[in-house]
Colleague: 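Right, I'll just put the structure down here and ask away after.
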Number of protein chains: 2
Amino acid sequence: MQMTGQRQRQADRTAATRTKLIAAARDLFAEKGYAATSTPEVVAAAGVTRGALYHHFAEKLGLFRAVVEEEHALLAMTINAAAGGDDELGPIKALLQGGDAFLTAMQDPGRRRILLIDAPAVLGRAELDAIDARHGLRTLVEGLSAAIDAKAIRQLPLQPLAHLLGALFDRAALADAHALPDYRKAVRALIRGLKV
Amino acid sequence: MQMTGQRQRQADRTAATRTKLIAAARDLFAEKGYAATSTPEVVAAAGVTRGALYHHFAEKLGLFRAVVEEEHALLAMTINAAAGGDDELGPIKALLQGGDAFLTAMQDPGRRRILLIDAPAVLGRAELDAIDARHGLRTLVEGLSAAIDAKAIRQLPLQPLAHLLGALFDRAALADAHALPDYRKAVRALIRGLKV
DNA sequence: TTTGCATACATACAGCCTGCCTGTTATGAA
DNA sequence: TTCATAACAGGCAGGCTGTATGTATGCAAA
């Protein structure tokens, strides 16, 4: 039965084009930002035509959305790989370690630009929060929830606290590399201050 | 001596045009965002021509910069008026009160869009930080410095801590109005956690 | 195997926008 | 009054986005 094989060929073709477009767009968005990146540039870098782009994505925004989704997923993977190991660490230590993993994973300037600088303005807070809720924020909420249940930190509104800590980490990630240790210290102090 | 009067006339003319442009741009940027606002729209709303705009501003970005500066100054004025009164309040109370004033002053959605959503992406973090350093962040740094000197909060790197708290307040300001009390509560807890 | 349809592109086009450039008018010093 | 300069006005070139139309390839059914 070659049906699967044939269908796969189609799917592969589609996937290959999408992948090339997203990869090329990611690099350009990372380097020059969303607004300064034109679709002709993207398709030239990807080795396809604008027709292909607009066949797969309704608009330039859709391509950016896809890039953000992928970058977010990659980020979550990296963090889970780095901080997902130790389970018996205590809720606060787990939070701090997760935060460190996040800051490390965010050292790529392109990633910072896409996720922290452009995405909020291009996609809007609401949509970016929705994406974030499916990836990084979820684990943060879980960690905080565990910490509160274990009475390791004060009882506070979960979602707001998670968003605020997320903003804290985002801001720390934007710090100059040489200032990062100080930011790390301040973040840790703020989190430790939540202890009951 | 009419020299002053004449010079004033020129200056007034310039100031009037600039004011009209900035006011019109502020409203449009607030409503539709920077990218979706065109210079033809702006000049139509301001009742001038594109020639006037490009005479006063080198590019569209310069107009946005001016809007951000003004909005930042207005914000600082509002906060100072609301929270600058009580001087003998204790450093932590003063911080919390200043934060509340900030959140109140940030309730205007247009202001939020301009300062918190668009500005970081359009101007870049570095330039926005430079602007912020001259307005809101300065008072925050002073407040924190006083609190540390008074040994009311733990000794931590000043600039990073200020930027982190700034990010905290920014995020809280973006919360839905109905969730604001919970955000406020969480922010207060985080700040109180800094006590020695 | 062939036929017919859908998917995956390619290309040309219309409309808009930005920044610049050239001309014109108002202003102020001499 | 004269002349220089600032403050505009209007037009133009280049580029970009999204769309519409045309073409080739894949693939399921007859």
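Computed from a prediction, not measured in an experiment: that's the story for all the values here. Proteins come first, then strands; the chains are lettered A, B, ... in the order of their sequence lines, and each starts at number 1. Basis for what follows: all heavy atoms, side chains included, without hydrogens, waters or symmetry-related copies.
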Colleague: Figure out the CG/P separation between A:D12 and C:dT7, and round it to whole Å.
Modeller: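 Interatomic distance, CG of A:D12 to P of C:dT7: 17 Å.
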Colleague: Hey, what do you get for CG (B:L158) to CD (B:E142), rounding to the nearest 0.5 Å?
Modeller: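 Going from the CG atom of B:L158 to the CD atom of B:E142 covers 10.0 Å.
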Colleague: Salt-bridged, B:K185 to B:D100, with N to O below 4.0 Å?
Modeller: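 The answer is no: the pair does not qualify as a salt bridge.
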Colleague: Please tell me which of the listed nucleotides, C:dG19, D:dC8, D:dA7, lies nearest to the side chain of B:T14?
Modeller: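 Nearest to the side chain of B:T14 among the choices is D:dA7.
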Colleague: Take the protein atom NZ of A:K60 and the nucleotide atom P of D:dG18, then report the distance between them rounded to whole Å.
Modeller: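 Whole-Å distance recorded here is 8 Å.
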Colleague: Can a side-chain donor-acceptor contact be found between A:S38 and A:E41 if the only test is distance below 3.5 angstrom?
Modeller: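 There is such a pair between these side chains.
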Colleague: Hey, which of A:E71, A:E70, A:E127 is the one that makes salt bridge (Lys or Arg N to Asp or Glu O under 4.0 Å) with A:R65?
Modeller: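 Single pass found, and it is A:E127.
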Colleague: Does a side-chain N or O of A:H56 approach OP1 or OP2 of C:dC9 to a distance below 4.0 Å, or not?
Modeller: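 Indeed, a polar side-chain atom of A:H56 lies that close.
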Colleague: Round to a whole Å and report the spacing from CZ of B:F64 to C1' of C:dT18.
Modeller: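 Result: 17 Å.
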Colleague: Return the value, rounded to whole Å, for the distance between atom CG of B:L61 and atom P of C:dC17.
Modeller: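 So the two atoms are 18 Å apart, to the nearest Å.
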Colleague: For A:F57 and C:dT7, what is the distance between atoms CZ and P respectively, to the nearest whole Å?
Modeller: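 To the nearest whole Å, that distance equals 17 Å.
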Colleague: By a strict heavy-atom criterion of less than 4.0 Å, which residues belonging to residues 33-54 of chain A are in contact with DNA chain D?
Modeller: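 Contacts with DNA chain D under 4.0 Å: A:T37, A:S38, A:T39, A:P40, A:R50, A:Y54.
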Colleague: Rounding to a whole Å, what distance do you find between A:E59:CD and D:dG18:P?
Modeller: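 In whole Å, D:dG18 P and A:E59 CD are 6 Å from each other.
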Colleague: Should B:E31 and B:R113 count as an ion pair when the cut-off is N to O under 4.0 Å?
Modeller: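 Looking at B:R113 together with B:E31, the answer is no, because their closest N to O distance does not fall below 4.0 Å.
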Colleague: Can you see if the side chain of B:H55 gets near the phosphate of D:dC8 - specifically, an N or O under 4.0 Å from OP1 or OP2?
Modeller: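 No, no such contact exists.
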Colleague: Return the value, rounded to whole Å, for the distance between atom CZ of A:R13 and atom P of D:dC27.
Modeller: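 To the nearest whole Å, that distance equals 9 Å.
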Colleague: Determine whether a donor-acceptor pair (N or O, by modelled atom type, separation under 3.5 Å) exists between the side chain of B:D108 and the backbone of B:G110.
Modeller: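 Yes; judged by distance alone, with no hydrogens or angles, the pair exists.
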